[in-house]
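Numbered from 1 within each chain, the chains take letters A, B, ... in sequence-line order.
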Number of protein chains: 2
Amino acid sequence: MPDSSFREIRDLALFSQMADENFSALMRGAYVQNFPAQIELITEGDPSDFLHVVLSGSVDLFSAWNDRETSLATVRPISTFILAATIKDALYLMSARTLEKSRIALIPSQDVRAVFDIDGNFARAIVTELAQCYRAVIKAQKDLKLRTSLERLANYLLRHQRRAGGAASFDLDFEKRRLASVLGMTAENLSRAFKGLQPYGLEVDGTRITITNQAEFERFAKPNPLIDDGST
Amino acid sequence: MPDSSFREIRDLALFSQMADENFSALMRGAYVQNFPAQIELITEGDPSDFLHVVLSGSVDLFSAWNDRETSLATVRPISTFILAATIKDALYLMSARTLEKSRIALIPSQDVRAVFDIDGNFARAIVTELAQCYRAVIKAQKDLKLRTSLERLANYLLRHQRRAGGAASFDLDFEKRRLASVLGMTAENLSRAFKGLQPYGLEVDGTRITITNQAEFERFAKPNPLIDDGST
DNA sequence: TCCCACGATTGACAATTGTCAAGCCAACAA
DNA sequence: TTGTTGGCTTGACAATTGTCAATCGTGGGA
């Protein structure tokens with residue numbers, strides 16, 4: 001593995017506090033690979049052989065059942081995914097595919113578990129990471145059960161606006177059909193939802209979004225830190 | 001705290017491997033309290049002062065937004081809740097209320113965090129618990145996004161049947177309006193969903209459920225270990 | 001340049017789900 | 001017993017969401 005990738009991973013909160021020798025042990029079995037877009041990296045139901053770290057590009061986590069499919073999350077650099085399956089030595093609950101050309105580090109799960117058993121700092125870092133992930137899913141669950149599709153879209157746009165810097169105009173970061181899946185609706189309905197938000201101060205031109213009336217838009221969306229804040 | 005409660009908590013996977021002195025330190029600040037039914041134990045948005053352990057009775061975790069409310073999980077003995085908030089020293093994402101008369105142990109969150117920092121075994125046990133919780137929510141998310149309400153009910157009944165021992169007849173363990181909320185639908189719709197399942201081999205008499213045609217019922221429900229298995 | 005592919009959009013329609021109001025029924029207290 | 005309460009059920013209706021088919025528009029390849 002090249003030194004630069006090594007450095008990037010080491011700087012992740014998950015790995016930054018662990019002992020040097022343990023980090024080295026982890027990296028010995030690890031390797032970095034470049035994947036083209038639309039490659040299925042893991043398949044739900046498979047045993048979790050590797051902890052994955054997205055170094056560049058982006059990865060879609062999704063799941064299928066009975067001919068239906070839904071997108072559960074998007075992983076962007078630099079962060080890991082399927083940590084829980086790795087720790088529990090359990091089957092993947094989700095599949096993962098690259099959304100674009102991506103560079104991904106693969107760390108053998110058994111190494112992660114072995115180091116986890118002997119390095120308290122690593123174990124503590126994993127706790128923090130898992131607690132964060134857990135709370136993120138709970139928020140998603142509340143979003144899904146407490147809001148209509150129109151409200152979910154409105155709050156998604158507000159969250160995305162903040163991530164993008166807070167300006168009134170910003171661009172969507174992925175295609176609408178996947179956004180629809182993330183928000184738990186069909187692409188057709190998303191299209192209508194965008195129109196349904198126009199009376200509350202929204203303009204849409206392709207992937208370009210403009211919130212023309214921030215106050216009115218927020219009055220409709222009713223964003224809530226206990227659902228929409230990413231960090232807490 | 002009485003010795004018996006002490007013992008019960010010590011036997012939890014979360015606490016069984018930690019050092020004696022650290023467990024004692026945790027228990028020194030802890031106390032056990034009896035609550036009547038329908039008492040709100042914690043409120044979402046409040047700081048997480050205590051890690052809660054349900055020793056007897058049962059607790060409903062729920063959340064509200066914009067005059068809507070939804071039930072996210074039920075906690076039964078012996079297990080903890082709001083572990084993630086405690087660890088992260090963050091605000092509660094959910095409220096909790098007793099469903100019946102319940103005995104609950106309260107362990108100060110700052111003690112948990114302090115011991116977590118010095119006891120590797122405790123930290124590792126927390127990881128396992130959190131990973132388990134995380135995967136449970138992911139499964140709930142898949143259930144919600146991939147299935148119709150009829151399918152969710154059918155699979156819930158199959159899961160409950162297994163928990164109850166596997167017999168064709170069994171009783172629901174809580175009231176239907178709460179079941180409806182857990183399944184993400186209204187009480188009225190749940191009522192219709194029960195009727196809608198009759199053609200697939202279901203009989204309902206009050207809280208008494210009988211699956212008269214197991215094979216046909218499962219053919220409709222299409223249970224999947226990656227959504228419906230509790231342990232993995 | 002033209003053509004094709006693909007995602008986005010739209011309309012028409014169906015299915016699902018929620019809302020409201022009324023009625024039913026069992027548990028419980030006076 | 002009677003009356004009351006609260007949860008459950010039912011019907012009628014409305015709103016939301018999904019499905020299918022057709023169309024639009026853009027960008028890439030021949």
Just the rounded figure in Å: distance from [atom2] of [N] to [atom1] of [X].
X        : N      : atom1 : atom2 : result
B:Arg68  : C:dT17 : CZ    : C1'   : 14 Å
A:Leu144 : D:dT17 : CG    : P     : 11 Å
A:Glu151 : D:dT16 : CD    : P     : 10 Å
B:Lys176 : C:dA26 : NZ    : P     : 13 Å
A:Asp67  : D:dG18 : CG    : P     : 17 Å
A:Glu175 : D:dG25 : CD    : C1'   : 16 Å
B:Leu150 : D:dG18 : CG    : P     : 16 Å
B:Lys145 : C:dT16 : NZ    : P     : 20 Å

[X] side-chain N/O to [N] phosphate OP1/OP2 under 4.0 Å:
X        : N      : result
A:Ser149 : D:dT17 : yes
B:Thr186 : C:dG18 : yes
B:Ser191 : D:dC8  : no

Discussion item. Heavy atoms from C-beta onward define the side chain here; which of C:dT9, D:dG7, D:dG18 lies closest to that of A:Asn189?
Written reply: D:dG18
Discussion item. Of the options C:dA8, D:dT9, D:dG7, whose atoms approach the side-chain atoms of B:Arg177 most closely?
Written reply: D:dG7
Item to complete: Please lay out, stage by stage, how A:Arg162 and A:Asp229 fare under the test salt bridge (charged side-chain N to carboxylate O under 4.0 Å, His left out).
Response: CA-CA 10 Å; A:Arg162 268 211 289 174; A:Asp229 271 17; 2.9 Å; yes
Response to the item:
Checking A:Lys139, A:Lys145, A:Arg147 against A:Asp143 for salt bridge (Lys or Arg N to Asp or Glu O under 4.0 Å), the one that qualifies is A:Arg147
Practice prompt. Let me see the working for B:Asp49 and B:Ile42 under side-chain contact (heavy atoms from CB on, under 4.5 Å), right down to the final yes or no.
Written response: CA-CA 10 Å; B:Asp49 296 326; B:Ile42 64 176; over 6 Å; no
Worksheet item: Does the D:dC20 base have a donor-acceptor partner in the side chain of A:Glu188 within less than 3.5 Å?
Response: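 Yes, a donor-acceptor pair under 3.5 Å.
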Discussion item. Can you tell me whether the side chain of B:Arg192 and the base of D:dG11 have a donor-acceptor pair closer than 3.5 Å?
Written reply: yes
Discussion item. Do A:Ile107 and A:Phe15 have side chains that approach each other closer than 4.5 Å (heavy atoms only, starting at C-beta)?
Written reply: yes
Item to complete: Take the angle between the ring planes of A:Tyr200 and A:Phe220 and call it parallel below 30°, perpendicular above 60°, tilted in between.
Response: parallel
Worksheet, complete the sentence: Ranking A:Arg152 and B:Phe194 by the position along DNA chain D of their nearest nucleotide, the one closer to 5' is B:Phe194
